[in-house]
There are 2 protein chains.
Amino acid sequence: MTSETAAALAQTDPRLPLHSRVKEDLVRRLRDNEWDASTPLPSERALADSYEISIGTMRRVLAEAAADGLIERHQGHGTFVRRADFQHSLFRFFRLGGDDVPGSRILSRQIEPAPAPVAAAFDLEPDSVVLHLHRLRLWQERPFLLEDIWLPLPLFDPLAKVETEQLGALLYPEYETRVGVVIGSASEELSVSRATQDQARLLAGDQGEPVVRIVRRARTHAGDVVEYRESYGLASSFSYRVEIN
Amino acid sequence: MTSETAAALAQTDPRLPLHSRVKEDLVRRLRDNEWDASTPLPSERALADSYEISIGTMRRVLAEAAADGLIERHQGHGTFVRRADFQHSLFRFFRLGGDDVPGSRILSRQIEPAPAPVAAAFDLEPDSVVLHLHRLRLWQERPFLLEDIWLPLPLFDPLAKVETEQLGALLYPEYETRVGVVIGSASEELSVSRATQDQARLLAGDQGEPVVRIVRRARTHAGDVVEYRESYGLASSFSYRVEIN
DNA sequence: CAGTGGTCTAGACCACGGT
DNA sequence: CCGTGGTCTAGACCACTGG
């Protein structure tokens with residue numbers, strides 16, 4: 001008699017150390033959203049029993065997952081998933097008073113040939129068509145961020161068809177529910193440019209005023225780039241903070 | 001009967017966990033150059049015996065020291081103090097695009113009362129004196145970054161005494177070899193401002209031109225802030241990359 | 001109070017490297 | 001071959017959290 005959980009280890013390479021195989025399975029379960037942010041994982045004792053390993057080995061796995069930032073452990077309370085929150089990370093770029101979600105107004109949505117950097121990011125043939133969203137983000141009714149978002153097709157067909165009014169202000173939850181795509185990591189490049197006439201008009205600034213430009217390539221857990229995004233905001237309202245570990 | 005090694009733990013805070021106290025003592029011995037690069041540390045069994053702790057606790061201490069980059073462990077061979085090899089960490093904290101090592105010219109070095117944000121970062125009393133370096137970083141013979149670096153005293157006394165010409169373009173290796181401080185993590189804050197007259201002159205730009213300001217607080221592995229750095233560069237030549245995982 | 005994670009023990013056995 | 005570090009076990013006890 002082996003538990004269903006322990007049997008899942010059969011999917012992993014038996015030549016690897018046991019703690020590696022258990023961690024691999026645990027990471028998979030975390031990625032599969034087996035626990036939400038408010039539900040603690042089973043206790044380390046229960047997990048050790050379900051994997052049919054000793055408590056010491058289970059603790060090693062959990063300690064590594066915590067070191068990787070995948071989970072948070074609190075003595076006397078429990079172990080919880082810690083999902084990367086990219087929406088929140090974008091807010092780090094701009095000085096915003098509180099924790100409110102900014103509004104979003106989609107200015108246009110069209111299917112078009114991929115611009116060169118987009119095609120390169122998605123590893124597509126030149127002139128492949130992609131979905132292009134252009135939107136304005138608002139903070140307390142005031143525009144503060146202009147975004148161009150490109151998404152590969154046919155993967156993102158569901159977003160090409162839904163009414164734009166039905167899309168929430170945060171896109172990544174929409175990717176997850178409508179497309180089944182979970183963003184796992186991203187790279188961002190920041191630079192400073194001058195506002196074009198259009199940008200100045202939409203951001204309520206002056207033409208030629210410094211603007212911050214952020215290029216984000218968002219990837220699935222498997223590492224495939226599935227979103228290419230350019231964001232522009234007035235440099236005067238710019239503030240960014242990052243941790244380097 | 002207690003061994004001399006185990007008795008050394010009496011110098012550490014008995015309220016701390018045993019593994020922390022053992023690690024503290026081990027780090028001290030590593031700093032005191034008790035073993036050179038060609039001499040292995042005693043085996044984990046021998047160390048555990050000398051500290052009169054279990055092998056499991058000793059292994060935990062050694063694993064942490066290895067994770068901190070203080071030692072290297074090789075199965076079947078032994079445990080050694082880490083060779084001086086900064087190649088891996090060189091670019092971890094240099095995030096302005098490009099892969100070349102920039103040049104460095106130190107403009108001034110003085111001991112002065114800590115400005116308020118510096119004192120706050122180091123958790124010092126107001127008016128405590130700190131070491132202040134002012135330097136210009138060059139890329140392909142052209143100035144591109146102006147830096148103010150504050151370091152706590154007396155910890156960084158060695159850097160206050162060495163000839164500034166002897167300091168390399170990269171400071172963190174100097175911290176490691178001259179001060180025994182290893183940088184383990186950092187936070188950075190970016191914003192956009194306008195060039196002062198001095199900044200414009202040193203950076204070969206125009207007064208009032210947009211400049212990017214980066215405030216970095218660098219920490220040891222233990223989490224103590226040991227460097228406060230403000231960097232300024234012309235926004236027009238600015239590029240910043242970050243990975244979000 | 002019960003249940004959680006944190007610390008610590010005292011081993012056994014395995015994989016690897018150099019002699 | 002021997003000694004090294006790497007893996008894994010099967011617990012005990014403590015410290016902390018929440019109801």
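Labels below follow one simple rule: chain letters A, B, ... track the order of the sequence lines, proteins then strands, and each chain is numbered from 1.
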Subject >> Heavy-atom side-chain proximity of B:Leu159 to B:Arg178 below 4.5 angstrom >> reply: yes
**Asked** Counting just side-chain N and O atoms, does A:Ser43 come under 4.0 Å of either OP1 or OP2 of C:dG3?
**Response** no
Of A:Gly56 and A:Gly78, the one whose closest nucleotide on DNA chain C sits nearer the 5' end is A:Gly78
When rounded to whole Å, the CG to C1' distance for the pair B:Leu18 and D:dC14 reads 13 Å
Atom CD of B:Glu52 and atom P of C:dA10 are separated, to the nearest Å, by 11 Å
Taken to the nearest whole Å, CG/B:Leu9 to P/C:dC8 is 11 Å
Testing C:dG5, C:dT9, D:dT4 for proximity to the side chain of B:Arg45, the answer is D:dT4
To the nearest angstrom, the CD1-C1' distance between A:Ile71 and C:dT4 comes to 14 Å
Discussion item. Can a side-chain donor-acceptor contact be found between B:Tyr232 and B:Glu230 if the only test is distance below 3.5 angstrom?
Written reply: yes
dist A:Glu165:CD -> A:Ile106:CD1 (nearest 0.5 Å) comes out at 8.0 Å
Distance check: side-chain N/O of B:Ser54 vs OP1/OP2 of C:dG11, anything under 4.0 Å?
no
With the side chain defined as heavy atoms from C-beta on, B:Glu44 is closest, among C:dT9, D:dT9, D:dG5, to D:dG5
Side-chain atoms of A:Gln75 come closest, of C:dC8, D:dC16, D:dG6, to D:dC16
How would you label the contact of B:Ile53 with the nucleic acid (heavy atoms, under 4.0 Å): base, sugar-phosphate, or nothing? sugar-phosphate
Legend entry - C:dG6 phosphate, OP1 or OP2, under 4.0 Å from A:Arg73 side-chain N/O: yes
By nearest-nucleotide position on DNA chain D, the 5'-leaning member of A:Arg59 and B:Thr79 is B:Thr79
From CG of A:Leu47 across to C1' of D:dA10 the rounded distance in Å is 17 Å
Picking from D:dC16, D:dT7, D:dG5, the nucleotide nearest the side-chain atoms of A:His19 would be D:dT7
Quick one, A:Glu188 and A:Arg229 - any side-chain contact, counting heavy atoms below 4.5 Å?
no
The answer to which of A:His77 and B:Gly76 contacts DNA chain D further toward the 5' end, by nearest nucleotide, is B:Gly76
B:Asp49 atom CG is separated from C:dG11 atom P, nearest whole Å, by 11 Å
Students often get this wrong, so: under 4.0 angstrom with heavy atoms, is B:Arg60 touching a base, only sugar-phosphate, or nothing?
sugar-phosphate
To the nearest angstrom, the CD1-P distance between A:Ile55 and C:dG5 comes to 8 Å
Handout entry: Modelled atom types, side-chain donor and acceptor of B:Arg137 and B:Ser104, under 3.5 Å
Key = no
Rounded to whole Å, CD of B:Glu64 lies from C1' of C:dT7 at a distance of 12 Å
